[in-house]
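Reviewing the structure listed below.
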There are 2 protein chains.
Amino acid sequence: MQGQDGGSPTLEQVAALAGVSRATVSRVVNGSPKVLPDTVAAVERAIGELGYVPNRAARALVTRRTDSVALVVPEPDSRVFSDPFFAGILRGVSMTLAPTSSQLVLLIEPAEGDDQRLLRYLRGGHVDGAIIVSHHGRDNVLQELAHLPLPIVFSARPLGVEVPVASVDVDNVAGARTAVEYLLSKGRRRIGTIAGPLDMTAGLDRLTGYQEVAAEAGMAEAVAYGDFTADGGEQAAVKLFAEYPDLDGLFVASDLMATAALRVLSELGRRVPEDVSVVGFDDSVMATTTTPKLTTVRQPIETLGARLAEIILAKIGGADLTSPEIFSTELIIRGSA
Amino acid sequence: MQGQDGGSPTLEQVAALAGVSRATVSRVVNGSPKVLPDTVAAVERAIGELGYVPNRAARALVTRRTDSVALVVPEPDSRVFSDPFFAGILRGVSMTLAPTSSQLVLLIEPAEGDDQRLLRYLRGGHVDGAIIVSHHGRDNVLQELAHLPLPIVFSARPLGVEVPVASVDVDNVAGARTAVEYLLSKGRRRIGTIAGPLDMTAGLDRLTGYQEVAAEAGMAEAVAYGDFTADGGEQAAVKLFAEYPDLDGLFVASDLMATAALRVLSELGRRVPEDVSVVGFDDSVMATTTTPKLTTVRQPIETLGARLAEIILAKIGGADLTSPEIFSTELIIRGSA
DNA sequence: TTGTACGCGTTATCAA
DNA sequence: TTGATAACGCGTACAA
């Protein structure tokens, strides 16, 4: 039907067909208000007939805007893709960007230590802005990212970055507090926790929430550390219950680790929730695949992703946003506590 | 340290600093063999000093190559992002593309029926090729995608497309056969299945595998349909066991639906695997979060993704690949059968 | 309201 | 081996 002459049609060809100049076609394409209705109609007809699509490269060259934003994963470990959190963020971001003219390009650190490649790309003006899905904080990449001359927003308060930056996150401390306080309200008196790595805000803050409530209730701490994987959760659970056999409550910093803990408890012959009540964090799909179903702290991940996209779009548009935005969590009560 | 004069440095500036012409710098950047070593050294020093990065837009404009490939989800339903299958594909694709100069652009259908936007984008020369993660087959979008004047590869044989196209998939029929035959080998004689939607190859082919074995074994079919979600799996399981209470074996077309079936069986008071043996499909994370753990058919998803990327890169490079590539599955035996 | 003409940063062709 | 110079397709002063 169209484009049969090899390359895509150009502004020039549309102009010829519509009987106007390139400039006028350009105006119509970009919605300039100062074009006669008749002219607009003629041009649009020509555009439709030819199936014209603006050449992004040419446009970017002159406007110095690429109409694309990067979703950056500054870690070579692509396991993040399997993380339900990442999936939710991706979903929120892409749903928000879809109706926009902006495209989403996925950037992942190609190999351990190859930060420079990422930074050069970002500095090269190939994208208008970047959303950083930062997990591990100690990385000095975050520092460099934060200082890039480019609109940037982080999916979580970047650990170790001192300058003010835009970020979107959930109140992990409060979420953890809710979980532990709920356990307390159910009469649990000896509550332990499986924490995440302390170089991630999610690990750090959720542990802090637990510690705060423990201190307030005069309860001794019982902590084991996992790495947010099923295996790590299993090992932590085994260790925790070997060390503190009298635990009657357990707050786990992620649902995935919680499912592992549930299995360990089952093998240990401890009934859930009768002997030990368990609360997770995330409210991911897995929370409903276990028996009993998992009571967990829900975070509005997709909303976080959507907001991330809104912020980067706003910053690209010139808005000056450089502070964290915190969303609240919600306790979802199911069978495990 | 660099780029302090506003925009990124250009070829021109590098040339000035190195005392050569733009053309020579361009040659060095693109690794032309016909440049004197001394000149190369001088140019590279200038590049390093200025922190020069080629302008992608300008380059794309003249070479007519964008160095980017699209990962297309031709459905407005962004739930796919939460699908472990999609995550694995994304992982394989991005790992393969990362060391390359190619960027990955994520394209999702913005709204129901807005196929045209997607097609125009793809036709507009914004990417060099596209990987289509097609789930639902009846969509006529697939037809149009298959006929695009652009290197294309599908993540599964696109249902309803008659022309030869490149695709990468697992042998779903054989995988399902393995599962059902295994159930048979364990002494199960009354085996039912929870199938996926018939407009997806995964749904269709896995059902076919079940039906083949059932026919060969002279076993009556017992089929219920789910939609690859937990809720759908639950409803299908309820319906199936209401209709066929004597089932002693169950093959479920996806792990997620299998976890739901496991819960239903538990509520029905049927022990797994003693009363009913269950086999899933995928070997996703959830397969190990259930009690008992799920015996399932594993597909090498990440490998599929990697191959998808290799194929699209090859096609962009001129290779003529237009036939399906089929990978095999593997039965992972755990506790449920 | 519309058209002319220039420049965006690169690559590629052709001379030198 | 290197250097001018002409495209590539588009936006936008500036002029008409």
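This is a predicted model, so every value here is computed, not measured. Here is how names work: the chains are called A, B, and so on, in the same order as the sequence lines, proteins then strands, and each is numbered from 1. Only heavy atoms go into these numbers, but all of them, side chains included; no hydrogens, no water, no symmetry mates.
Close approach of DNA chain C to chain A, defined as any atom under 4.0 Å from a non-hydrogen atom of the protein, starts and stops at dT1(C) to dG9(C).
A donor-acceptor contact under 3.5 angstrom links the side chains of Asp128(A) and Thr66(A), judged on distance only.
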**OP:** Do nucleotides 8-16 of chain D as a string where each nucleotide becomes B, S or -: B if the base has a protein heavy atom under 4.0 Å, S if just the sugar-phosphate does, - if no protein is that close.
**Re:** BBBBBB---
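At distances below 3.5 Å, not a single donor-acceptor pair connects side-chain atoms of His126(A) with backbone N or O atoms of Leu122(A). With Thr63(A) contributing its side chain and Arg59(A) its backbone, the two residues share a donor-acceptor pair below 3.5 Å. Judged by distance alone, with hydrogens and angles left aside, the side-chain atoms of Lys315(B) form a donor-acceptor pair with the main-chain N or O of Ile152(B) at under 3.5 Å. Between the Asp83(A) side chain and the Phe85(A) main chain, a donor and an acceptor come within less than 3.5 Å of each other.
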Subject >> Step-by-step side-chain contact (heavy atoms from CB on, under 4.5 Å) determination, Ser68(A) to Val105(B) >> reply: CA-CA 9 Å; Ser68(A) 61; Val105(B) 177; over 6 Å; no
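Distance check: Ile131(A) CD1 to Ser155(A) OG gives 9.5 Å after rounding to the nearest 0.5 Å.
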